[in-house]
Every structure is written in structure tokens, then in C-alpha cells.
Trainee: 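First the structure, which I've put down as C-alpha cells, then a few questions once you've had a look.
Counting from 1, the numbers follow the sequence of the chain as shown. Since this is a predicted model, take the numbers as computed values, not measurements.
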Amino acid sequence: MAQLAPLHAEFQSLNTEVVAISFGAEWWARAWLQETQSPFPVLLDPTLAAYQAYGLERSAWRSWGLKTLWYYARALARGEKLLEKRGDTHQLGGDFIVDANGLIQLAYPSHDPTDRPSAGALFAVLRRLQEQ
């Protein structure tokens, strides 16, 4: 989500509201917003109802597989500060685009914590919706 922050104006130009949904506690959401300087609001889902409704999986193996460990190793090598464990580290996320009618136009359940659609893929869907 933080990687989308620099694209905030482009999302706004497409009449798009980006929202993060987290199962973490309120203090975690505030800390994340402060640490990442994300311009996007965070909604809390402590019961994981949205995660279940969107079919997002929970997997210890995929959450802590080689790809994720490699991601963290590279981040540490670049001198990045890693965020402390906050909540269920086995819960996988996803990215979704829901149109003004409540219809899902893009569903991208993450295979692992580093798996996200490219900004280009998100903008392609949003531009298509603008043309309709």
C-alpha cells in the first residue's frame, strides 16, 4: 500500500478512493500511517470479515516462504527499518477494485505478502471504468 502513496494524485484524477483494510488494532493503524506517511485511510476489520468475504487465505508457508524472506533480507541490506510484528503474520491480503455499483472489477488475492498487482494493472482497470 505504501508503494501507491506517490500515485495518490493519479488515483484522485481517476475519481478513485484507495482504502487499506487491516485486521490490526487501532494503535497499529495509526503507527503504520505515521511510519509510511500514507495518504490513504485505513479501515479496521478485527474479525477478518472482509478477508473472509473476499476469500483471502491464511498461510504460514506462503507468508514466510523464501520469496518473503528474500524480500526482508534485501530491505535490511538497503538499510530499511522493518516494522515490528503486528497481528496475524500468516493472513494474506489482496487488492480489489470495486466500482460505484459495488461490483468487483479486479480481484487480486495475494499468493504471498510481497505479491501485489502492478500500479499499471490497477490504472488500466480504473481507466477502463472511466471510459464506461
Side-chain angles (χ1 to χ4, degrees):
M1 178 64 78
Q3 67 274 18
L4 297 179
L7 305 171
H8 185 242
E10 191 168 352
F11 282 111
Q12 286 182 317
S13 74
L14 292 169
N15 196 29
T16 301
E17 181 71 29
V18 177
V19 177
I21 298 176
S22 174
F23 51 81
E26 185 178 343
W27 66 267
W28 179 91
R30 282 195 308 269
W32 182 83
L33 286 169
Q34 183 178 8
E35 289 168 359
T36 64
Q37 296 298 302
S38 176
F40 308 121
V42 176
L43 302 177
L44 297 178
D45 177 21
T47 65
L48 298 171
Y51 288 80
Q52 293 164 3
Y54 281 92
L56 298 175
E57 297 179 21
R58 186 177 182 280
S59 171
W61 175 253
R62 291 200 321 258
S63 292
W64 292 105
L66 290 177
K67 187 175 178 184
T68 303
L69 295 174
W70 180 242
Y71 169 84
Y72 285 119
R74 287 185 313 198
L76 286 171
R78 289 189 302 266
E80 293 179 22
K81 179 183 171 190
L82 299 181
L83 302 176
E84 65 190 58
K85 177 186 168 197
R86 297 175 179 164
D88 184 354
T89 59
H90 301 158
Q91 178 62 55
L92 296 170
D95 293 79
F96 299 87
I97 294 177
V98 181
D99 69 16
N101 298 315
L103 299 175
I104 298 173
Q105 297 295 323
L106 176 120
Y108 193 100
S110 298
H111 183 73
D112 63 62
T114 67
D115 180 30
R116 295 287 189 232
S118 68
L122 298 174
F123 285 124
V125 173
L126 294 172
R127 288 186 187 104
R128 179 179 51 81
L129 290 171
Q130 292 293 311
E131 295 170 0
Q132 293 180 353

Trainee: Whether the side chain of Ser110 engages the backbone of Pro113 through a donor-acceptor N/O pair (distance < 3.5 Å, no angle test) should be reported.
Mentor: no
Trainee: Out of curiosity, Gln3 CD to Thr36 OG1, how far, rounded to the nearest 0.5 Å?
Mentor: 10.0 Å
Trainee: Could you tell me whether the side chain of Asp45 and the main chain of Ala50 form a donor-acceptor pair under 3.5 Å?
Mentor: yes
Trainee: Is it true that Glu26 and Arg30 have a side-chain N and a carboxylate O under 4.0 angstrom from each other?
Mentor: yes
Trainee: What is the distance from atom CG of Leu7 to atom CG of Leu122, rounded to the nearest 0.5 Å?
Mentor: 9.0 Å
Trainee: Applying the side-chain contact (heavy atoms from CB on, under 4.5 Å) test to Ile97, which of Leu106, Thr16, Leu103 qualifies?
Mentor: Leu106
Trainee: What are the two closest heavy atoms between Tyr51 and Gly93, and how far apart are they?
Mentor: CE2-CA, 4.5 Å
Trainee: Say you draw a straight line from CZ of Arg58 to CG of Leu48; how long is it, rounded to the nearest 0.5 Å?
Mentor: 9.0 Å
Trainee: Would you call the rings of Tyr54 and Phe96 parallel, tilted or perpendicular, where under 30° means parallel and over 60° means perpendicular?
Mentor: tilted
Trainee: Taking Pro41 as the fixed residue, which of Leu33, Val19, Val18 is the one that meets the side-chain contact (heavy atoms from CB on, under 4.5 Å) rule?
Mentor: Val19
Trainee: With a 6.0 Å cut-off (strictly less than), is the heavy-atom count around CD of Gln91, excluding the residue itself, greater than 12?
Mentor: yes
Trainee: I need the minimum non-hydrogen distance between Ser38 and Ala5, along with the two atoms involved.
Mentor: CA-CB, 4.4 Å
Trainee: Tell me the closest heavy-atom pair linking Leu14 and Arg127, and the distance in Å.
Mentor: CD2-CG, 4.1 Å
Trainee: Compare all side-chain heavy atoms of Leu92 with those of Pro109 and state whether any distance is below 4.5 angstrom.
Mentor: no
Trainee: Evaluate Leu126 against Phe11 for side-chain contact (heavy atoms from CB on, under 4.5 Å), listing each step before the verdict.
Mentor: CA-CA 9 Å; Leu126 294 172; Phe11 282 111; 3.7 Å; yes
Trainee: How many angstroms lie between atom CG of Asp95 and atom CG of Asp115, to the nearest 0.5 angstrom?
Mentor: 8.5 Å
Trainee: So, the side chain of Asp112 versus the backbone of Thr114: is there a donor-acceptor pair under 3.5 Å, distance only?
Mentor: yes
